[in-house]
Undergrad: 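Got a structure for you, written out below as structure tokens; questions coming shortly.
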Amino acid sequence: MLRQETYRGSTAFLAGAVSDVTLKFPMQLEKVYEPQRFEPHWAQWWIESSIYHGNASAAGAEKRVFSIVIPPPNVTGSLHIGHLFEHTMMDAAVRWHRMKGELTLWLPGTDHAGIATQMVVERQLAAAGITRQQLGRSEFERRVWQWKEEYGGRINTQIRREGASVDWSRERFTMDPGLSRAVREAFVRLWDKGLIYRGEYMVNWCPQCQTAISDLETIHEATEGHLWHVRYPITGTSQFITVATTRPETMLGDTAIAVHPDDARYRHLHGKSITLPLLGREIPVIADSIVDPTFGTGAVKVTPAHDPNDFELGKRHNLPFIKVIGEDGRMTAAAGPYAALDRFEARKRIIAALEESGELVKTEPYTVSLSKCDRSKTIIEPLVSTQWFMRMKPLAAKAMDAVRSGRIRFVPNDREALFFQWMENIRDWCISRQLWWGHRIPAWHCKNCSRTTVARKAPATCPNCHSTELEQESDVLDTWFSSGLWPFSTLGWPDDTLDLRTFYPTSLLITGFDILFFWLSRMIMLGIEMTGDVPFREVHIHGLVRDADKQKMSKTRGNVIDPLIIMDRYGTDACRIALLLSAAAGSDIALKEDRMESGRAFANKLWNASRLIFMNMERSGIAAWAPGNSQAPSDSLEDIWIFDRLARATSTVNRALGIHRYHEAAQVLWDFIWHDFCDWYLEIKKLRFRENSGLDAHWQATLTVYEKALRLLHPFMPFVTEELWQRLIHGTTANDSQPKSISLAAYPSVPEPHDPTDRVNHFAVLQKIVTDARELRADHKLDPKLVVNATLKTIGLAFADDELAAIGALAKLRIEQLHEKSDAVEFSLQIHTPQFSQNGALSTEARERLKKDNAGLERAIANSERQLNDPIFLSKAPSKVIDSIREKLAGYRAQLEKNRRQLADGE
RNA sequence: GGGCGCGUAGCUCAGUUGGUUAGAGCGCCUGCUUCACACGCAGGAGGUCACAGGUUCGAGUCCUGUCGCGCCCACCA
């Protein structure tokens with residue numbers, strides 16, 4: 001009798017769905033796989049039973065540690081399919097390491113996402129007719145925190161549904177007190193080392209977001225524009241110099257005209273004065289070799305306040321900086337008659353005015369590369385302003401060294417090229433933002449002596465003049481500054497905590513290539529600078545999840561696959577395995593919903609295989625069972641074979657997981673479970689269970705393989721494997737010594753050598769006989785249910801009675817075996833039924849197919865023979881290859897012979 | 001202007017250090033409601049591995065070039 005045991009999980013589920021899992025009869029499975037019945041239960045149970053807590057105190061010298069931090073999603077975000085993909089790979093890795101007995105930590109958390117969050121709350125305020133300015137800074141900050149408390153946990157609730165085995169007790173937020181302290185500490189250290197500086201430079205200004213942004217946050221778009229040729233009168237003459245520009249509105253801020261020093265056309269103009277059209281300002285002609293004499297007219301207008309090149313030029317030649325466009329994107333008072341106009345409106349009017357005065361001499365179409373704000377898509381205005389910058393070159397040098405020396409490895413490693421390319425050309429990072437939400441820069445300006453003091457805590461007095469009139473810098477830091485500290489700030493840095501000592505450097509980082517520069521490279525640079533060690537030893541860079549047409553998923557395109565919906569529809573496990581199967585080496589994946597369908601089909605297959613096993617256990621009266629070792633406990637051919645298959649699958653899966661080939665690992669398990677275990681092994685076992693002989697040994701083998709398969713699959717499909725494993729353990733006895741969850745059970749490792757004999761190959765012969773017989777039956781259109789007599793001639797290999805019975809059951813044959821002793825193994829199968837002797841019984845399609853197959857075989861045989869007769873080949877090819885060709889040749893010949901016989905029989 | 005990647009079955013993609021009739025999933029065709037599963041079972045069709053050269057006993061795999069597609073970086077007005 002089965003021991004009937006009841007266990008009950010919590011009925012409350014995170015998202016509100018109620019699931020009551022009461023397994024009074026653990027071994028009785030519903031006919032159809034319904035993940036909704038148990039996924040919420042296990043998700044909840046895993047959290048409640050705290051089994052994924054990284055127990056730092058358990059660390060010992062001999063214990064291996066595996067740690068990984070989650071790329072913190074924006075606190076404003078909601079789960080999208082890319083998260084599910086990324087988290088599934090991370091979870092597979094984490095569960096694998098945990099099951100291997102390593103001390104494991106997966107640390108979750110969220111990012112405060114400066115601009116994004118500020119905008120969300122501002123929009124909310126706008127709906128109520130309030131601006132943040134009306135509220136004032138501290139009240140606004142309070143409102144954002146309030147928003148965060150209310151809605152910020154949404155994504156984490158959603159992550160729980162993924163089955164991600166994260167340690168929720170260590171959840172972090174980039175603006176937690178601890179992490180904020182880390183930010184200040186890092187800032188002060190960098191400042192003290194001179195790696196952070198403050199100054200007036202040209203930055204990318206977003207008039208919409210009202211803040212400076214870094215180079216990375218701009219996107220470049222090729223846009224059809226114009227190149228306007230404008231002539232500027234040379235003062236005191238009737239001559240002109242013509243310049244070409246794509247931004248005529250900036251001419252109001254021109255403070256020079258530049259030409260190449262060697263350009264003979266303009267040499268006579270060096271030092272001459274030009275009268276700026278529209279405003280009548282006198283500006284000089286300067287010579288600078290930056291000017292390309294072959295482009296346009298060879299003369300350039302210089303607007304130091306509104307163009308990065310001109311900014312440098314202006315500094316070099318001590319030109320005045322005239323700011324004609326303001327932070328709001330409108331023309332300033334310096335723009336004279338155009339003041340207060342929007343910058344693009346001003347452009348229109350200026351063109352019109354120049355046209356009228358005849359100073360616009362030519363307009364040609366021109367493709368310009370427009371810089372836009374990545375967030376608001378507003379056209380960037382290069383503006384000069386006082387900002388804080390981080391010097392990147394010295395940091396980058398150490399980071400590149402860490403990658404070059406192999407202390408950090410990239411998977412796939414061709415991404416390293418991208419990393420180096422960017423690092424080598426890195427420029428200083430503008431880290432200050434004119435926002436209210438974020439880490440306020442720890443600097444205080446003295447109102448009295450205007451000295452700036454950078455400190456961990458607010459100073460009481462100015463160290464310079466002892467004034468108490470200090471005001472904190474109003475700018476906050478770029479969100480990526482705190483993200484860059486994530487792998488160690490989350491573990492307690494700057495304190496020397498047990499967590500930090502145990503889990504840092506982290507083992508692995510899994511992230512998308514889209515934030516390679518934003519995040520990854522900055523973590524490497526800051527990690528090395530702050531801790532003296534790399535933040536992680538390995539980086540796995542994955543591709544993007546795209547829609548079926550390989551388009552990026554976006555709300556505007558309306559092609560977003562919502563992971564919450566598909567997890568509901570197909571089950572989380574089905575989505576996970578579907579995504580993993582698509583996850584080849586860093587390439588993008590085109591996701592169709594039919595992948596999820598086939599994932600669910602696979603889960604259903606596993607479910608029903610379990611159902612078969614459980615039902616037969618009950619029927620056979622199998623109650624007690626203990627997980628066995630890797631040796632086949634029975635002498636049956638199918639047991640020996642399946643243990644061999646299991647060993648091979650185990651070895652491949654472990655190897656593949658070690659090198660982040662998740663798709664390969666998933667594929668191998670899919671094939672093993674479906675096509676080896678279900679299609680062949682269980683089909684034969686059904687017969688054994690019916691026969692009722694030597695049952696205990698059979699069961700021991702079947703359950704050992706089955707339970708190992710569940711464990712192997714667990715990192716990929718945690719829910720269904722937990723559900724089935726729990727039922728198995730609770731439904732049989734002797735589970736006191738078992739771990740409380742499959743995720744704490746040992747991951748199967750590569751076993752000791754199996755099958756010393758050649759019997760595994762005998763099973764392959766058995767399979768071949770069965771498939772041949774099925775083919776013959778199909779070709780002759782035999783009734784699928786009809787059991788027919790057959791003679792099996794075996795040479796060199798005799799099948800035992802139970803093996804013949806298996807062949808008979810799988811191919812619906814009554815077999816008489818004629819056996820001959822020999823060294824070479826051969827067989828032939830003859831089916832005795834009237835249809836086989838009738839003329840033309842072989843269908844025309846089958847006949848065609850066989851003929852075509854024969855032609856191919858003849859070609860393959862000729863090929864092989866040619867090689868085996870070629871002395872050069874024989875002398876150069878390794879003997880392993882020669883042997884395999886000999887073997888294949890024999891196979892081709894046998895197949896050809898069989899085909900010919902079949903064709904002859906059908907005549 | 002630099003750099004990277006891709007082009008394999010109708011579609012989406014695998015294909016380990018080069019080993020010889022090239023694989024999977026989905027789709028398609030034929031048959032089957034067989035007492036685990038029609039989210040299934042059995043059988044089958046379908047590819048001169050973008051093209052052209054080269055290296056090699058042997059190339060989907062390595063090299064060169066061509067064509068097509070995608071991505072990243074970049075201050076030429």
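All heavy atoms count here, side chains included; hydrogens, waters and symmetry mates do not. Labels below follow one simple rule: chain letters A, B, ... track the order of the sequence lines, proteins then strands, and each chain is numbered from 1.
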Undergrad: For B:rU16 versus B:rA22, give the span between their P atoms, rounded off to a whole number of Å.
TA: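 B:rU16 and B:rA22 have their P atoms separated by 16 Å.
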Undergrad: Run through A:E217, A:E381, A:E221 and flag the one making a salt bridge (charged side-chain N to carboxylate O under 4.0 Å, His left out) with A:K372.
TA: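 Answer to the salt bridge (charged side-chain N to carboxylate O under 4.0 Å, His left out) test with A:K372 among A:E217, A:E381, A:E221: A:E221.
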Undergrad: Are A:N869 and A:E865 close enough, and set up right, to give a side chain to side chain donor-acceptor pair (under 3.5 Å), and what steps lead you there?
TA: CA-CA 6 Å; A:N869 289 326; A:E865 282 174 340; over 6 Å; no
Undergrad: Could you work out which one of B:rG19, B:rA36, B:rC4 sits closest to the side chain of A:F873?
TA: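 Nearest to the side-chain atoms of A:F873, counting from C-beta on, is B:rG19.
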Undergrad: Which one is paired to B:rU16, where only Watson-Crick or G-U wobble pairs with both distances under 3.5 angstrom count?
TA: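 Base-paired to nothing in any strand shown.
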Undergrad: Before giving the answer on side chain to side chain donor-acceptor pair (under 3.5 Å), spell out for A:E224 and A:Y366 the whole-Å C-alpha distance, their side-chain angles and the decisive distance to 0.1 Å.
TA: CA-CA 6 Å; A:E224 293 307 311; A:Y366 188 72; over 6 Å; no
Undergrad: On a whole-Å scale, what distance lies between the C1' atoms belonging to B:rG15 and B:rA59?
TA: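 Roughly 14 Å separates the two C1' atoms.
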Undergrad: What contact category does A:V243 fall into here, base, sugar-phosphate, or nothing, at under 4.0 angstrom with non-hydrogen atoms?
TA: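 Nothing, no heavy atom under 4.0 Å.
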Undergrad: What nucleotide, of B:rC37, B:rG19, B:rC41, holds the atom closest to the side chain of A:N608?
TA: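 Output: B:rC37.
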Undergrad: Any base atoms under 4.0 Å from A:S864, or only sugar-phosphate, or nothing? Heavy atoms, all strands.
TA: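 Counting heavy atoms under 4.0 Å across all strands, no contact is made by A:S864.
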Undergrad: Which is true for A:V302 with a 4.0 Å heavy-atom rule: it touches a base, it touches only sugar-phosphate, or it touches nothing?
TA: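 No contact.
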Undergrad: In whole Å, what is the span from the CG atom of A:D588 to the C1' atom of B:rC4?
TA: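 Roughly 13 Å, once rounded to whole Å.
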Undergrad: What interatomic distance, in whole Å, is found between P of B:rC35 and the corresponding atom of B:rA42?
TA: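 Those two atoms are separated by 15 Å.
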Undergrad: With sugar-phosphate meaning primed atoms plus P, OP1 and OP2, does A:D594 contact a base, only sugar-phosphate, or nothing at under 4.0 Å between heavy atoms?
TA: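 If one applies the 4.0 Å heavy-atom cut-off, A:D594 turns out to touch the sugar-phosphate alone, with no base involved.
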Undergrad: To the nearest angstrom, how far is A:I589 atom CD1 from B:rC26 atom P?
TA: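 Taking atom P of B:rC26 as the reference, CD1 of A:I589 is at 17 Å.
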Undergrad: Just N and O in the side chain of A:K592: are any of them under 4.0 Å from OP1 or OP2 of B:rC11?
TA: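 False: A:K592 side-chain N/O out of range (4.0 Å or more) of B:rC11 OP1/OP2.
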Undergrad: A:I872 has an atom CD1; how far is it from atom P of B:rU20, in whole Å?
TA: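 One finds 20 Å between P of B:rU20 and CD1 of A:I872, rounded.
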Undergrad: Would you say A:K852 places a side-chain N or O within less than 4.0 Å of OP1 or OP2 belonging to B:rG46?
TA: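 Yes, such a contact exists.
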Undergrad: By the 4.0 Å heavy-atom rule, please label A:Q421 as base, sugar-phosphate, or nothing.
TA: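 Base contact - A:Q421 has a heavy atom under 4.0 Å of at least one base atom.
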Undergrad: Please report the distance separating the C1' of B:rU48 from the corresponding atom of B:rG43, rounded so that it comes out in whole Å.
TA: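 One C1' to the other, the span is 27 Å.
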Undergrad: Which listed nucleotide (B:rC39, B:rC13, B:rG40) is nearest to the side chain of A:A590?
TA: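 Among B:rC39, B:rC13, B:rG40, the one nearest the side chain of A:A590 is B:rC13.
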Undergrad: Is there a Watson-Crick or G-U wobble partner for B:rC71 with both distances under 3.5 Å, and which nucleotide is it?
TA: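 Matched B:rC71 with B:rG3 under the 3.5 Å cut-off.
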Undergrad: Return the nucleotide paired to B:rG25: Watson-Crick means purine N1 to pyrimidine N3 with N6-O4 or O6-N4, wobble means G-U with N1-O2 and O6-N3, both under 3.5 Å.
TA: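 By the stated definition (distances under 3.5 Å), B:rC11 pairs with B:rG25.
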Undergrad: What heavy-atom pair brings A:A666 and A:L580 nearest, and what distance separates the two atoms?
TA: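 Minimum heavy-atom contact is CB-CB, 4.3 Å.
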Undergrad: By nearest atom, which of the nucleotides B:rG44, B:rC75, B:rA77 is closest to the A:N309 side chain?
TA: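 Nearest nucleotide to the side chain: B:rC75.
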Undergrad: So do A:R546 and A:Q551 actually touch side chain to side chain, heavy atoms under 4.5 Å?
TA: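 In short, these two side chains do not touch, never coming nearer than 4.5 Å.
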Undergrad: Using a cut-off of strictly less than 4.0 Å, decide whether A:R661 has a side-chain nitrogen or oxygen near OP1 or OP2 of B:rG15.
TA: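 For B:rG15, OP1 or OP2 has a side-chain N or O of A:R661 closer than 4.0 Å.
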Undergrad: Could you please name the option among B:rC39, B:rU12, B:rU20 that lies closest to any side-chain atom of A:N604?
TA: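 So the nucleotide nearest the side chain must be B:rC39.
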Undergrad: On the nucleotide B:rC35, are OP1 or OP2 found under 4.0 Å from the side-chain N or O atoms that A:R619 carries?
TA: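 No, because none of the side-chain N or O atoms of A:R619 sits under 4.0 Å from OP1 or OP2 of B:rC35.
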Undergrad: With heavy atoms under 4.0 Å as the rule, sort A:K686 into base, sugar-phosphate or nothing.
TA: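 A:K686: base contact, heavy atoms under 4.0 Å.
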Undergrad: Once you measure the plane-to-plane angle for A:Y662 and A:H660, does it fall in the parallel (<30°), tilted (30-60°) or perpendicular (>60°) bin?
TA: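 Plane angle between 30° and 60°, so tilted.
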Undergrad: If you measure from the P atom in B:rG7 to the same atom in B:rA50, how many Å do you get, rounded?
TA: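 8 Å, rounded to whole Å.
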Undergrad: Mind telling me whether A:W607 and A:F38 have parallel, tilted or perpendicular rings, with 30° and 60° as the class edges?
TA: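 Answer is parallel, since the angle falls under 30°.
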Undergrad: For B:rG18, does OP1 or OP2 lie under 4.0 Å from any side-chain N or O of A:K876?
TA: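 No, because none of the side-chain N or O atoms of A:K876 sits under 4.0 Å from OP1 or OP2 of B:rG18.
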Undergrad: Take the protein atom CD of A:E416 and the nucleotide atom P of B:rG5, then report the distance between them rounded to whole Å.
TA: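 From A:E416 CD to B:rG5 P: 12 Å.
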Undergrad: Side chain of A:S598, heavy atoms from C-beta onward: which of B:rG43, B:rU16, B:rG25 has the nearest atom to it?
TA: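 Comparing B:rG43, B:rU16, B:rG25 against the side chain of A:S598, the answer is B:rG25.
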Undergrad: Consider the side chain of A:E683, meaning its heavy atoms from C-beta on, and name the nucleotide among B:rC73, B:rA77, B:rA36 that approaches it most closely.
TA: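 For A:E683, the side-chain atoms sit closest to B:rA36.
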Undergrad: Checking only heavy atoms, does the side chain of A:K605 share a donor-acceptor pair with the base of B:rC37 at less than 3.5 Å?
TA: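 Indeed there is one.
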Undergrad: Could you give the NZ-to-C1' distance, from A:K888 to B:rG19, as a whole number of Å?
TA: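 So the NZ-C1' distance, A:K888 to B:rG19, works out to 8 Å.
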Undergrad: Determine the Euclidean distance between corresponding P atoms of B:rG5 and B:rA77; express it in Å to zero decimal places.
TA: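 Rounded to whole Å, the distance is 29 Å.
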Undergrad: Mind checking whether A:Y201 and A:F389 have parallel, tilted or perpendicular rings, split at 30° and 60°?
TA: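 Perpendicular: the ring planes of A:Y201 and A:F389 meet at over 60°.
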Undergrad: Reckon A:W674 has a side-chain N or O less than 4.0 Å from the OP1 or OP2 of B:rC41?
TA: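 Checking B:rC41 against A:W674, a side-chain N or O does come within under 4.0 Å of OP1 or OP2.
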Undergrad: Just to be sure I understand the rule, does A:K301 reach a base, reach only the sugar-phosphate, or reach nothing, if contact means heavy atoms closer than 4.0 Å?
TA: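 The answer is nothing, as A:K301 stays clear of every strand by at least 4.0 Å.
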Undergrad: Base, sugar-phosphate, or nothing for A:W228, non-hydrogen atoms under 4.0 angstrom?
TA: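 It contacts nothing in the nucleic acid.
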Undergrad: Please confirm whether the shortest side-chain N or O distance from A:Y892 to OP1 or OP2 of B:rU20 is below 4.0 Å.
TA: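 Negative; the distance criterion is not met.
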Undergrad: Could you label the plane-to-plane angle of the A:W674 and A:W670 rings as parallel, tilted or perpendicular, counting under 30° as parallel and over 60° as perpendicular?
TA: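 Plane angle under 30°, so parallel.
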Undergrad: I need the CZ-C1' distance between A:R595 and B:rG25, as an integer number of Å.
TA: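 In whole Å, B:rG25 C1' lies 7 Å from A:R595 CZ.
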Undergrad: Rounded to whole Å, please give me the gap between CG in A:N869 and P in B:rU20.
TA: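 Those two atoms, CG and P, are 18 Å apart.
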Undergrad: Side chain of A:Q867, heavy atoms from C-beta onward: which of B:rU20, B:rC57, B:rC32 has the nearest atom to it?
TA: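 Between B:rU20, B:rC57, B:rC32, the one nearest the side chain of A:Q867 would be B:rU20.
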Undergrad: Looking across every strand, which nucleic acid part, if any, lies under 4.0 Å from A:D679 by heavy atom: base, sugar-phosphate, or nothing?
TA: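 Counting heavy atoms under 4.0 Å across all strands, the contact made by A:D679 is with sugar-phosphate only.
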Undergrad: What does A:F602 touch in the nucleic acid at a heavy-atom separation under 4.0 angstrom: a base, only the sugar-phosphate, or nothing?
TA: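 Nothing, no heavy atom under 4.0 Å.
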Undergrad: I'd like the C1' distance from B:rG54 over to B:rG18, given in whole Å.
TA: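 Between the two C1' atoms, the distance is 15 Å.
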Undergrad: Would you indicate which nucleotide in B:rA36, B:rC39, B:rC73 comes nearest to any side-chain atom of A:L612?
TA: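 Shortest atom-to-atom distance from the side chain points to B:rA36.
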Undergrad: Would you indicate what A:R415 reaches in the nucleic acid, counting non-hydrogen atoms under 4.0 angstrom: base, sugar-phosphate, or nothing?
TA: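 The residue A:R415 makes no contact with any strand.
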Undergrad: NA contact type, A:P382, heavy-atom cut-off 4.0 Å: base, sugar-phosphate, or nothing?
TA: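 No contact at all - A:P382 keeps every heavy atom at 4.0 Å or more from the nucleic acid.
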Undergrad: What's the closest nucleotide to the A:H220 side chain, out of B:rC75, B:rA77, B:rC32?
TA: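 Between B:rC75, B:rA77, B:rC32, the one nearest the side chain of A:H220 would be B:rC75.
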Undergrad: Kindly state whether the ring of A:H698 and the ring of A:F689 have centres lying under 6.0 angstrom apart.
TA: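 That pair fails the under 6.0 Å test.
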Undergrad: Write down the distance separating the P atoms in B:rC4 and B:rC62, rounded off to the nearest Å.
TA: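 Straight-line distance between the two P atoms is 15 Å.
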Undergrad: Find the partner of B:rG31: check Watson-Crick (N1-N3 plus N6-O4 or O6-N4) and G-U wobble (N1-O2, O6-N3) distances, both under 3.5 Å, and reply none if neither fits.
TA: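 Its partner is B:rC41.
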Undergrad: Just call it for A:R774: base, sugar-phosphate, or nothing, with non-hydrogen atoms closer than 4.0 Å on any strand.
TA: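 Counting heavy atoms under 4.0 Å across all strands, the contact made by A:R774 is with sugar-phosphate only.
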Undergrad: Base, sugar-phosphate alone, or nothing: which one does A:A601 contact when heavy atoms must sit under 4.0 Å apart?
TA: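 If one applies the 4.0 Å heavy-atom cut-off, A:A601 turns out to touch a base.
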